[in-house]
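Protein chains get the first letters and strands the later ones, always in sequence-line order, with residue 1 at the start of each. All values below come from the heavy atoms of this structure, side chains included, with hydrogens, waters and symmetry mates left out.
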Amino acid sequence: MTLPASFYARSAVEVAVDLLGKVLVRKVGKAVCSGKIVETEAYAGPHDLACHASKGRTPRTSVMFGRPGFAYVYMIYGVYYCLNAVTEPKGFPAAVLIRAIEPLDGVDRMKRNRSRARRDIDIASGPGKLCQAMSVDLALNAASLGGRSLWIEDRNLGPSSIAAGPRIGVDYAGEYRDKPWRFFIAHNPHVSRHKFNSRGTIIGGRTSSGS
DNA sequence: GTCGTGATAGCCT
DNA sequence: GGCTATCACGACG
């Protein structure tokens, strides 16, 4: 049910693709919120100039250098949080940014956490929105993705086709700027509403029985 | 619908 | 001191 650590002990690009369709679950007290992962980005390692770890190991990025299957949470623009899954074996810093989910359980609660969200597709269609909806903050940095308050389940949620495109907001990353390492479920309305959405190309599909 | 901009704080040079 | 893996809002039309 819950994805094992071995699932994450692979390249960030592989994990980013395979996380699409999986279910992110967050438990606060007795309340459970969940959603199908519909958009991810891979940050491939120290050579990837868009990856935070490319600037070396710092207190902030140290989680990425640790074991796979743990959460790397950081604050962005002084306002929002972003949730990542650490990938690759221990010692190789890489991660997958979880950018958007399609809400499944606890929709009312997530909507309350996102008072500005008028429609369901505004609840978690972006990395900052997702963390607001699911009450993810720095307290979850370095937490296991197979833990009691946060985990990712392998569920069969039907067939989908997968698209890839350039990552968002990494214009500074030189030759890595245009790497097509943003992945999303094609035509899913819960993908972040971004002008780059049109720049995706279908790279494959997945059946309901898994990858 | 699209476009431009301000908020805001921790990180790194 | 400059930058940032974002979001919401107001000004358009």
Ring-base stacking, A:Y43 with C:dA5 (5.5 Å, 30° cut-offs): yes

Pi-cation contact, A:F184 with A:R182 (under 6.0 Å, within 45°): yes

Any-strand Watson-Crick or G-U partner of C:dA5, both distances under 3.5 Å: none

Rounded distance (Å) that lies between atom C1' of C:dT6 and atom CG of A:L97: 11 Å

Whole-Å distance separating the CD1 atom of A:I76 from the C1' atom of B:dG10: 10 Å

Cationic N near anionic O, under 4.0 Å, A:K179 to A:D48: no

A:K111, NZ atom: more than 12 neighbouring heavy atoms under 6.0 Å: yes

Nearest-Å distance for atom pair CZ/C1', residues A:R99 and C:dT6: 9 Å

5' priority, DNA chain C, between A:E41 and A:A117 [closest heavy atom]: A:E41

Phosphate-side-chain proximity, A:R114 and C:dA8, N/O vs OP1/OP2 below 4.0 Å: yes

Separation of C:dA5 P from A:F183 CZ (nearest whole Å): 18 Å

Test salt bridge (Lys or Arg N to Asp or Glu O under 4.0 Å) applied to A:D137 - qualifying residues, sequence neighbours left out: none

Minimum-distance nucleotide to A:Y80 side chain [options: C:dC7, B:dG10, C:dA5]: C:dC7

side-chain hydrogen bond (donor to acceptor under 3.5 Å, both in side chains) contacts in which one or both residues fall within residues 72-93 of chain A, not counting sequence neighbours: A:H52-A:Y72

Donor-acceptor pair (no angle test) under 3.5 Å: A:Y77 side chain, B:dA7 base: no

A:R167 to A:Y176 six-membered ring, cation-pi geometry met (6.0 Å, 45°): no

Heavy-atom check, side chain of A:H190 versus side chain of A:I185, under 4.5 Å: no

Touch class at under 4.0 angstrom, heavy-atom based, for A:G128 against every strand present: sugar-phosphate

Spacing of A:D171 atom CG relative to C:dG2 atom C1', expressed in whole Å: 17 Å

A:Q132 CD to B:dA7 C1', straight-line distance once rounded to whole Å: 13 Å

Atom-pair distance (CZ on A:R182; P on C:dT6), nearest Å: 11 Å

Rounded distance in Å - CE (A:M64) to C1' (C:dA5): 10 Å

Members of residues 50-60 of chain A that approach DNA chain C, where some heavy atom sits under 4.0 Å away: A:A50, A:H52

Touch class at under 4.0 angstrom, heavy-atom based, for A:R167 against every strand present: nothing

